[in-house]
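To start, the structure itself, in structure tokens.
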Amino acid sequence: MSGKISLVGIGPGHHDHMTGRALAAIAEADVVVGYSTYIKLVADLLEGKEVIRKGMTEELDRAVNALECAREGKKVALISSGDAGVYGMAGPTYEVLFQAGWTPDSDIAVEVVPGASAINACAALVGAPLTHDFCSISLSDLLTPWPVIARRLDAVAAADFVVALYNPKSGRRTQQIVQAQQLFLRHRRPDTPVAVVKSAYRRRERIEFTTLAHMSECDIGMLTTVLIGNSHTFVQHGLMVTPRGYANKYDLDDGGNTRSGEKPGRSLSTGLLGWMANLRADHAEGASAAALAAQHRLPVDYIEAVLAAPAEEESAAAAPLEEAQE
């Protein structure tokens, strides 16, 4: 008999925020496997099903159990909170499957059912902090060496990403959030907005707005996600918002008309082509590649490559308008 493993993201935990496919995958399953806390979140959906509960550090055991049940011809729902592919069970399960010789052509089907990750759930509760570039970093050093995590924190802090910190603190891991704060303060203002969200859309939900300077003083645990704004993020009327950048092109105080030198549907005058033209002009006037690299905080060899590349002209008449991203 052919079995199936559905790697199901159940979202933040409330049924209202589960996708229809996630609900269907659980309904279709003969066996549901998951961390005991996640099993409790969907307990009312499990009547008549075989349920395999596992502990916090038993991810590989969950994947092995799912594979064993699928080999018996059963349909298995292996659940993760949030999205199964974001710090969830999709990765460990594929590793176990590959180790066992599984391929996509095998008689065991595998489906990844996406769900809303904590970063999405927490952002929705506090406003619109993810409207521009963002990333997520887990502070758990149970499987990742701390120097690797620290380098990533330093890099994204310098690059001005909005950042979501997963697994920020536990009973034994108390200093990671403090170290993260110190690394961010090397690059960000102390008054950078921070939102600390615990148990988003669950019974003990708690939201706290603070700043980077006071972030580590908040009530933070394993059920908490910490959202750190970028240099443009602001909090107003209890809502955390990161501007998309429309004010760079449009005058919001003048009815949204395009600013002088800018064109609707075109890259900014300070976009790639405009920046390259200005870079060449500065270089022609005597600025060295090293000085330009320092000015723009970019690698010298990158600046040298840009200066050495053939100049490109943007043809407003020939190029079609770019579609707006939403």
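The residues of the chain are indexed from 1 along the displayed sequence. In this text the structure is predicted, and so the values were computed from the model without any measurement.
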Query raised in the report: Of all residues at least two apart in sequence or in a different chain, which pass the side-chain hydrogen bond (donor to acceptor under 3.5 Å, both in side chains) check with Asp141?
Result: Gln176
Query raised in the report: Sequence neighbours excluded, which residues qualify as side-chain hydrogen bond (donor to acceptor under 3.5 Å, both in side chains) partners of Asn230?
Result: Thr233
Requested in this report: Among residues two or more places apart or on two chains, list those pairs meeting ring-ring contact (aromatic ring centres under 6.0 Å, His included) that have a residue in residues 181-219.
Outcome: His17-Tyr201
Query - Check against side chain to side chain contact (heavy atoms under 4.5 Å, CB included), Val76 and Lys4 - result: CA-CA 6 Å; Val76 184; Lys4 180 177 181 179; over 6 Å; no
Report summary line: Only residue of Pro129, Ser231, Pro193 satisfying side-chain contact (heavy atoms from CB on, under 4.5 Å) with Thr242 is Pro129
Query raised in the report: With the threshold set at 4.0 Å, does a side-chain nitrogen-carboxylate oxygen contact exist between Glu28 and Arg21?
Result: yes
Is any side-chain heavy atom of [X] closer than 4.5 Å to a side-chain heavy atom of [Y]?
X      : Y      : result
Arg62  : Leu78  : yes
Leu139 : Leu153 : yes
Arg152 : Ile149 : no
Leu279 : His283 : no

Report task. Any chance you could lay out the side chain to side chain contact (heavy atoms under 4.5 Å, CB included) test for Ile52 and Cys69, step after step, and finish with the verdict? Result -> CA-CA 10 Å; Ile52 300 177; Cys69 291; 4.0 Å; yes
Query - side chain to side chain contact (heavy atoms under 4.5 Å, CB included) assessment of Tyr94 paired with Val112 - result: CA-CA 10 Å; Tyr94 275 123; Val112 179; 3.8 Å; yes
Report task. For salt bridge (charged side-chain N to carboxylate O under 4.0 Å, His left out), just list the numbers for Arg71 and Asp107, CA-CA rounded to whole Å, side-chain angles, deciding distance to a tenth of an Å, and then say yes or no. Result -> CA-CA 9 Å; Arg71 280 174 167 167; Asp107 58 352; over 6 Å; no
Over all atoms of both residues, closest heavy-atom pair of [X] and [Y]:
X      : Y      : answer
Trp102 : Ile108 : NE1-O, 2.9 Å
Gly55  : Tyr35  : C-CD1, 3.6 Å
Leu7   : Ala84  : O-CB, 3.8 Å

Query raised in the report: Is Leu97 reachable from Val33 through a run of I, L, V, M, F, W or Y residues, each pair having side-chain heavy atoms under 4.5 Å apart?
Result: yes
**Report entry** Side-chain H-bond candidate by donor/acceptor type, Ser140 with Tyr87, under 3.5 Å
**Finding:** no
